[in-house]
Amino acid sequence: MGPKHDFAGAHVLVTGGTSGIGAATAAAFRDAGAHVTITGTRGDAADYDADLAGFRYLQLDVENKEQIDAVAAALPRLDVLVNNAGIALPSLGFDEWEPEVFERAVQMLLTSAFRMARRTVDLLAQSTIPGGGSVIGIASMSSFFGIPVVPGYGAAKTGLVGLTRTMAAHWGARGVRANAVAAGLTRSGMTAGTFAQDAWTAPTLTRTPLGRLGEAEDIAGAILFLASPAASWITGQTLAVDGGYTISG
């Protein structure tokens, strides 16, 4: 049993909330009493095999500036923004060492997160929930060290750590906190191919003190903590949730 959070009455937006970390986070906020809006790239919630009952669904391609603005404008109020949407483009067969693909990765994973935060900060600043309004980003192990196959993804996730600090410093006076969770290797659709390869998972497990790979619920739990009153004096921080991988030699 995990810790119990009470987000009754809170309004939460989880981008990319139809699967993986986003879906687990959306479900955790919903189960804690929040009104949760999720986004996905398909036209309607019914276009997904997953059961998305209990969520408000909005279509969003985070590479589309106008759609980001439209989603922000469709929110009557907002207490927590979870900038989760995005994917490592090599998992779709793209080479991030190609400059155009590199630029696309940074746009998708960093610039779009800034735009959504900037478009919703006025709503977040009006939050009255305990702990105040929060922006929470999803960083990565590639925020801290180089992974050669994902130069664009890694650059974006590294940039997200710096952006989180800057938003925290700039928006703290408005009562808005900004933090990030740096997810270790976590089960999701994006990482399914990686999990199937012993050549990748075995060394990762050997270096991980807690001896297992991550589940989406591990990351969701950290996100809910950072949005909760228990974290009301935490801002500008990036919390590694990785079983100890980044501190192990």
Side-chain angles (χ1 to χ4, degrees), residues 13-22 39-43 58-72 81-121 135-170 178-197 199-201 203-204 214 219 236 238 240 242 245-246:
L13 171 64
V14 181
T15 66
T18 61
S19 64
I21 292 170
T39 73
T41 57
R42 300 179 189 178
L58 296 174
Q59 185 178 20
L60 173 64
D61 175 355
V62 291
E63 295 184 76
N64 186 312
K65 297 176 183 178
E66 289 73 22
Q67 285 191 15
I68 293 173
D69 294 349
V71 167
L81 166 62
V82 182
N83 271 322
N84 167 78
I87 193 168
L89 290 170
S91 68
L92 300 178
F94 293 96
D95 180 4
E96 288 188 1
W97 287 98
E98 291 297 327
E100 291 77 10
V101 180
F102 180 96
E103 290 174 6
R104 183 181 173 193
V106 173
Q107 166 64 34
M108 180 197 308
L109 299 163
L110 178 60
T111 308
S112 70
F114 170 74
R115 189 178 189 93
M116 184 64 81
R118 181 64 185 86
R119 290 291 183 256
T120 57
V121 67
V135 179
I136 299 172
I138 309 300
S140 162
M141 296 300 96
S142 64
S143 297
F144 307 123
F145 50 79
I147 301 176
V149 73
V150 284
Y153 183 95
K157 295 297 187 179
T158 301
L160 183 65
V161 173
L163 176 61
T164 296
R165 290 192 293 259
T166 304
M167 290 190 299
H170 190 53
N179 292 291
V181 174
L185 190 57
T186 304
R187 293 182 194 277
S188 70
M190 186 176 75
T191 60
T194 300
F195 272 69
Q197 299 177 43
W200 183 279
T201 57
T204 301
I219 313 304
T238 297
D242 63 353
Y245 183 89
T246 51

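One-based numbering along the sequence shown.
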Would a 4.5 Å heavy-atom cut-off, applied to side chains only, mark [X] and [Y] as touching?
| X | Y | value |
| --- | --- | --- |
| Tyr245 | Leu185 | no |
| Pro90 | Val150 | yes |
| Leu160 | Leu109 | no |
| Ile147 | Tyr153 | no |

Considering non-hydrogen atoms only, spot the tightest contact between [X] and [Y] and give its length.
| X | Y | answer |
| --- | --- | --- |
| Ala139 | Val161 | CB-CG2, 4.3 Å |
| Met141 | Thr246 | SD-CG2, 3.1 Å |
| Ala105 | Ala156 | O-CB, 4.1 Å |
| Phe102 | Ala155 | CZ-CB, 3.8 Å |
| Arg119 | Ala72 | CB-CB, 3.6 Å |
| Thr158 | Ser142 | OG1-O, 3.2 Å |

Q: Could you check Met108 against Ile87 for side chain to side chain contact (heavy atoms under 4.5 Å, CB included), going step by step and ending with a plain yes or no?
A: CA-CA 8 Å; Met108 180 197 308; Ile87 193 168; 3.9 Å; yes
Q: Apply side chain to side chain contact (heavy atoms under 4.5 Å, CB included) to the pair Met167 and Val121, showing each step before the final yes or no.
A: CA-CA 10 Å; Met167 290 190 299; Val121 67; over 6 Å; no
**Q.** Option passing side-chain contact (heavy atoms from CB on, under 4.5 Å) with Met116 (candidates Thr111, Val82, Asp69, Ile68)
**A.** Ile68
Main-chain N/O of [Y] paired with [X] side-chain donor or acceptor, under 3.5 Å:
| X | Y | result |
| --- | --- | --- |
| Ser140 | Ala182 | no |
| Thr18 | Gly16 | no |
| Lys157 | Phe144 | no |
| Asn179 | Gly236 | yes |
| Thr15 | Asn84 | yes |

Can you tell me how far apart [atom1] ([X]) and [atom2] ([Y]) are? Round to the nearest 0.5 Å.
| X | Y | atom1 | atom2 | value |
| --- | --- | --- | --- | --- |
| Gln59 | Thr39 | CD | OG1 | 9.5 Å |
| Thr164 | Ile136 | OG1 | CD1 | 10.0 Å |
| Ile21 | Thr186 | CD1 | OG1 | 4.5 Å |

(Q) Please determine whether side chain to side chain contact (heavy atoms under 4.5 Å, CB included) holds for the pair Val62 and Arg115, giving the CA-CA distance in whole Å, both sets of side-chain angles, and the decisive distance to 0.1 Å. (A) CA-CA 9 Å; Val62 291; Arg115 189 178 189 93; over 6 Å; no
Q | Heavy-atom neighbours of Arg118 CZ exceed 12 at 6.0 Å | A |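 Atom CZ in Arg118 is not packed in, count stays at 12 or less.
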